[in-house]
Amino acid sequence: MITGIGLDVVELSRIRRLDAKSPKFRERILTEYEQLEYDQLTVARKVEFLAGRFAAKEAFSKAKGTGIGSSCSFQDIEVRKDAKGKPSVYFRDIETGLVSITHSKEFAAAQVLIQTN
Ligand SMILES: CC(C)(COP(=O)(O)OP(=O)(O)OC[C@H]1O[C@@H](n2cnc3c(N)ncnc32)[C@H](O)[C@@H]1OP(=O)(O)O)[C@@H](O)C(=O)NCCC(=O)NCCS
């Protein structure tokens with residue numbers, strides 16, 4: 001059963017600026033697993049990737065109904081891809097959400113659906 005839906009869009013310029021300022025921003029947003037993925041990307045893809053994960057996590061927090069905060073931090077949410085590249089959302093290591101991520105020249109956006117049995 002679908003129990004939540006969330007959508008988010010972010011400006012790549014904002015994420016590029018925050019990421020260039022300090023590694024602290026991406027360390028706050030990305031889990032260790034996601035940081036390893038980030039480290040392997042080109043400069044242009046790094047911004048898209050970070051912006052897409054940021055959007056996916058905000059979208060998840062909306063689908064959950066809590067927003068980002070103590071009950072749902074960026075570190076609680078992880079996006080993992082299957083062998084074909086399809087992403088899913090994990091909350092505290094449990095697969096919880098369906099997610100779709102997109103980027104254009106200026107924006108990244110994500111939509112999340114939370115499914116419970
Ligand atoms: C819920 C949250 C994700 C909204 O994100 P935002 O970027 O502030 O705002 P957006 O424009 O993307 O979304 C706003 C909409 O979210 C929805 N929303 C707000 N709280 C919500 C909640 N608890 N559950 C679901 N949806 C919620 C509302 O519909 C709101 O629009 P409205 O006020 O016109 O009705 C936000 O409260 C939050 O937790 N932000 C994280 C802040 C943060 O740590 N940022 C890091 C920056 S370095």
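Order of listing sets the numbers, starting from 1, for every ligand and every atom in it. Just so you know, these numbers come straight off a predicted model, no measurement behind them.
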Protein heavy atom under 4.0 Å of [atom]:
| atom | answer |
| --- | --- |
| atom 1 (C) of ligand 1 | yes |
| atom 35 (O) of ligand 1 | no |
| atom 18 (N) of ligand 1 | no |
| atom 13 (O) of ligand 1 | yes |
| atom 32 (P) of ligand 1 | no |
| atom 26 (N) of ligand 1 | yes |
| atom 8 (O) of ligand 1 | no |
| atom 44 (O) of ligand 1 | yes |

What atoms in ligand 1 come closer than 4.0 Å to a heavy atom of D8?
->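 Taking each heavy atom of D8 in turn, ligand 1 has 12 (O) under 4.0 Å.
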Those atoms of ligand 1 less than 4.0 Å from some heavy atom in F25 |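 Ligand 1 atoms under the 4.0 Å threshold to F25: 48 (S).
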Among all the protein's non-hydrogen atoms, which is closest to [atom], and how far away is it?
| atom | answer |
| --- | --- |
| atom 39 (O) of ligand 1 | I68 N, 2.7 Å |
| atom 37 (O) of ligand 1 | G67 CA, 4.6 Å |
| atom 23 (N) of ligand 1 | G65 O, 3.0 Å |
| atom 3 (C) of ligand 1 | S61 OG, 3.6 Å |
| atom 47 (C) of ligand 1 | R14 NH2, 3.7 Å |

Does [X] belong to the same Ile/Leu/Val/Met/Phe/Trp/Tyr cluster as [Y], with side-chain heavy atoms less than 4.5 Å apart forming each link?
| X | Y | result |
| --- | --- | --- |
| F49 | V9 | no |
| F91 | F74 | yes |
| V79 | L98 | no |

Result of checking K57, R53, R80 against E34 for side-chain hydrogen bond (donor to acceptor under 3.5 Å, both in side chains) =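 Option passing the side-chain hydrogen bond (donor to acceptor under 3.5 Å, both in side chains) with E34: K57.
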Does Q75 use its side chain to pair, donor to acceptor, with the backbone of R28 at less than 3.5 Å?
->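 Side chain of Q75 to backbone of R28: a pair is present.
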Is a side-chain donor or acceptor of Q111 paired with a backbone partner of S100 at a separation under 3.5 angstrom?
->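 No, the answer is negative, given that no donor and acceptor are paired below the 3.5 Å cut-off.
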E106 and L12: side-chain contact (heavy atoms from CB on, under 4.5 Å), yes or no, with the steps?
-> CA-CA 5 Å; E106 292 177 68; L12 294 190; 5.8 Å; no
Minimum heavy-atom separation for V99 to A110, with atom names?
->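 Closest approach of V99 to A110: CG2-CB, 4.5 Å.
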Heavy atoms only: give me the nearest K62-G6 pair and the separation to one decimal.
->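 That would be CB-CA, 4.0 Å.
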Any chance CD of E11 has more than 12 other-residue heavy atoms, nucleotides or ligands included, within less than 6.0 Å?
->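 12 or below, so no.
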Counting heavy atoms only, which part of T66 comes closer than 4.0 Å to ligand 1: side chain, backbone, both or neither?
->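 Only the backbone of T66 comes within reach of ligand 1.
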Using heavy atoms and a threshold below 4.0 Å, how should the contact between R28 and ligand 1 be classified: side chain, backbone, both, or neither?
->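 The answer is the side chain of R28.
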Compare E58, K64, K24, K62 and give the one whose heavy atom is closest to atom 40 (N) of ligand 1.
->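 Ranked by closest heavy atom to atom 40 (N) of ligand 1, first place is E58.
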With the threshold set at 4.0 Å, does a side-chain nitrogen-carboxylate oxygen contact exist between K24 and E27?
->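 So K24 does not pair with E27 through a salt bridge.
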